[in-house]
Amino acid sequence: MQIDWNQTINEIFSDKLSCLRCGSLSSEIVAGFSRSPAAAEYSPRFHDCAHKDECDARKLVVVCESCAKDLRLRAQRVDAEGLMTMILNECRRELEECLDYLADYWQEDLDIDPADMDKRLEDVDPEVFADEGTSRRRLEDEYLSLHRWFRSHHCRIPNPGWRTELVEESIELGYDTLLGE
Ligand SMILES: [Zn+2]
Ligand SMILES: [Zn+2]
């Protein structure tokens, strides 16, 4: 899946700003975080979830100020670069979570026998490993598309060293990543 951030951002910020919740054109839009399951619909990011109705994952929401009040959202005004930075940071956070999972969180998640502690996830549960790989690839694609947006708009990529750190961590764990050279 290719994400076209130019289109997404243009739709939100073109001439007048449009709210992802009520669709109304407004002079200011705000961005904030919500754990409400319904909030997934007001997010510019894709959230892949098997339990959408009860999902309490943190979601980045972009709405007008009156919708933000309805949702009791603690939100801030953003411009295109500010919003893209928030999206980039969320994408990074989720990529870090993926590596934490591959490193050892899966052992707790799947409640594995301490005797199997030295095994790798792909050997213990190939299906979970495949699903994890799919969502990691999707996040990596998102990351690269965000990176392209910053480049093509001549915006500085915040904390550019993050990418190298992630690549090194992936390699150390023995998993390849699209973010490497
Ligand atoms: Zn609205
Ligand atoms: Zn979810």
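First listed ligand is number 1; within each ligand, the first listed atom is number 1.
Angle SG (Cys64) to the Zn ion (ligand 1) to SG (Cys22): 110°, rounded to 10°. Rounded to the nearest 10 degrees, the angle SG (Cys49) to the Zn ion (ligand 2) to SG (Cys55) equals 120°. For Cys67 atom SG and Cys19 atom SG, the angle they make at the Zn ion (ligand 1) is roughly 110°, to 10 degrees.
Atom-to-atom distance recorded for Lys59:NZ and Glu41:CD is 11.0 Å, nearest 0.5 angstrom.
At a threshold of 4.0 Å, the pair Glu97-Arg93 counts as salt-bridged, since one of the basic side-chain nitrogens sits closer than that to a carboxylate oxygen.
By the 6.0 Å and 45° rule, Arg120 does not stack over the aromatic ring of Phe129.
With 2.8 Å as the limit, His51 does not count as an N, O or S neighbour of the Zn ion (ligand 2).
Ring geometry, Tyr101 versus Tyr105: the interplanar angle exceeds 60°, so the pair is classed perpendicular (tilted spans 30 to 60°).
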